[in-house]
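We name chains A, B, ... by the order of the sequence lines, and we start the count at 1 in each one.
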2 protein chains.
Amino acid sequence: MGSVSPNTANARPGGRAARVRSAVHRAVRELLAEEPAEALTLPVIAERAGVHPTTLYRRWRTIGELLAEVATSRFSGENGELVVPDTGSLRGDLERWTEGVVDDLTDPEGIALLRAAIGAGGFASRACMVDRHAQLAAMLDHERARGGTVPEVGRAADTLLGPLLYRAVFTDLQIGPDWVHDVVRAFLDGQRTG
Amino acid sequence: MGSVSPNTANARPGGRAARVRSAVHRAVRELLAEEPAEALTLPVIAERAGVHPTTLYRRWRTIGELLAEVATSRFSGENGELVVPDTGSLRGDLERWTEGVVDDLTDPEGIALLRAAIGAGGFASRACMVDRHAQLAAMLDHERARGGTVPEVGRAADTLLGPLLYRAVFTDLQIGPDWVHDVVRAFLDGQRTG
DNA sequence: CCCCTAAAGCAGCGATCGTTGCTTTAGTCA
DNA sequence: TGACTAAAGCAACGATCGCTGCTTTAGGGG
């Protein structure tokens, strides 16, 4: 127990570890967009990333864990900081924000990663949306601070994220700007009746 | 070329082929509920089903295709016939129907199969909901036949299936009867404003 | 500037996967 | 009932996966 600094909190490198991590993440995203998730194996990822397979087996034990990490980092701010639009009105914030969500869902890499994360199990799929959920809460808080009355986050997520994700994941319908606009409008109208 | 009946339309067996198919389907559903989808491999399925691996490699080339078939048969009427509730009112139909959807989504086998199908790619995941979509359309048609005014199927799917699937797939929130009730009510209220 | 340690590379292994040619079984139709 | 054919079983193979002890590199601290 004598060692003063066993390098426990040593993990803030800008060096090799970070480069490897970044290369692996990129390899996963690229490969997912190119081939069926079924073919995504650790050696294949390693070769694409220019890294030795052993590294992957040691740092991430399974593809599931790696996918969860990649999904988290892809669908969240890198530093854990929430970035939300602040246009002055809830409607403006939501429209700006939904654009970002739609960008994720229409990007081939994004949707492929989302699908793979869902397939990897509950943890990974929840990780994809936890940040979006927090952003939604932040925007509702802003509106509340302005004196507006807003529904709870749960209903907002159901009404906004629900349709967007449903269409992206389960249908091949186009997600056009006007439809997204309608979704936001339906949410803002609906909160009065609820 | 002389052969009169090359048994092209010979595929309606109640015999061995159907038994194997059924055993394999059940094996897939069971295994998905027990272990991570990552461990789902054709030899493993074959052993659980009491069938030789070669059979799987020949009938279904990949796990993806097998998953798509299992998902289709699990989430659809076996014979392609649509079964929808007919309570006399749209509200009653929708509440009965959402119960069925929720049953699918809260059943451990059901949600695991859904997740795996999503992971298997666009085709399989779309197959999971095509029947639900058709049922929704049928119920709206019934209401329209009664003289009621109903929104289009797309909006109904967004508003009903969206929240249900969002919660089941992306959150660990409980899906309680009262919440489901609220979702249906929100849909029925919202159609007036739209 | 040099040491020290965490992380990446290397080599080699057992297990299992996916595939293919052939044989055997079981349903169907005359 | 007997033949015909589609489908399942069998056996053997090459490839690749996932894992482990050990060596080498590189980044950070005294």
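In this structure, of D/dG9, C/dC10, C/dA8, it is C/dA8 that holds the atom nearest to the side chain of A/Ala17. Relative to the side chain of A/Thr55, the nucleotides C/dA8, D/dC17, D/dA8 differ in distance, and C/dA8 lies closest. Nearest to the side-chain atoms of A/Arg16 among the listed nucleotides C/dC17, D/dA26, D/dC17 stands D/dA26. Proximity note for B/His52 (side chain, C-beta onward) versus C/dC17, D/dG9, C/dG9: the nearest is D/dG9. Side-chain atoms of B/Leu42 lie closest to C/dG18 of the nucleotides C/dG18, D/dC17, C/dG9. Checking C/dG21, C/dC17, D/dG21 against every side-chain atom of B/Arg58, the shortest atom distance belongs to C/dG21.
A/Ile45 has its CD1 atom 15 Å from the C1' atom of D/dT16, to the nearest Å. What separates CG of B/Leu56 from P of D/dA8 is a distance of 9 Å, to the nearest Å. We find that CH2 of A/Trp60 is positioned 16 Å from C1' of D/dG18, with the value rounded to whole Å. Between B/Leu40 atom CG and C/dC17 atom C1' the separation is 13 Å, expressed in whole Å. Rounding to whole angstrom units, CZ of residue B/Arg21 and C1' of D/dA8 are separated by 17 Å.
Side chain A/Thr54 to base D/dC19: no donor-acceptor pair is found below 3.5 Å. A donor-acceptor contact under 3.5 Å is not formed by the side chain of A/Arg59 with the base of C/dG9. At a cut-off of 3.5 angstrom, the base of C/dG27 holds no donor-acceptor pair with the side chain of B/Arg19.
Nucleic acid contact for A/Val44: sugar-phosphate only, since backbone atoms but no base atoms lie under 4.0 Å from a heavy atom of the residue.
Note on A/Tyr57: a side-chain N or O is less than 4.0 Å away from OP1 or OP2 of D/dG18.
Counting only heavy atoms from C-beta outward, the side chains of B/Val130 and B/Arg126 never approach each other to under 4.5 Å. In this structure the side chain of A/Trp60 never reaches within 4.5 angstrom of the side chain of A/Leu42, judged on heavy atoms. Here the side chains of B/Asp158 and A/Arg167 are in contact, with some heavy-atom distance below 4.5 Å.
A donor-acceptor contact shorter than 3.5 Å is absent between the side chain of B/Ser22 and the backbone of B/Ala18.
With the nearest nucleotide of DNA chain C identified for both A/Gly50 and A/Glu38, A/Gly50 has the one nearer the 5' end.
With hydrophobic clusters built from ILVMFWY side chains whose heavy atoms lie under 4.5 angstrom apart, A/Val102 shares a cluster with A/Val84.
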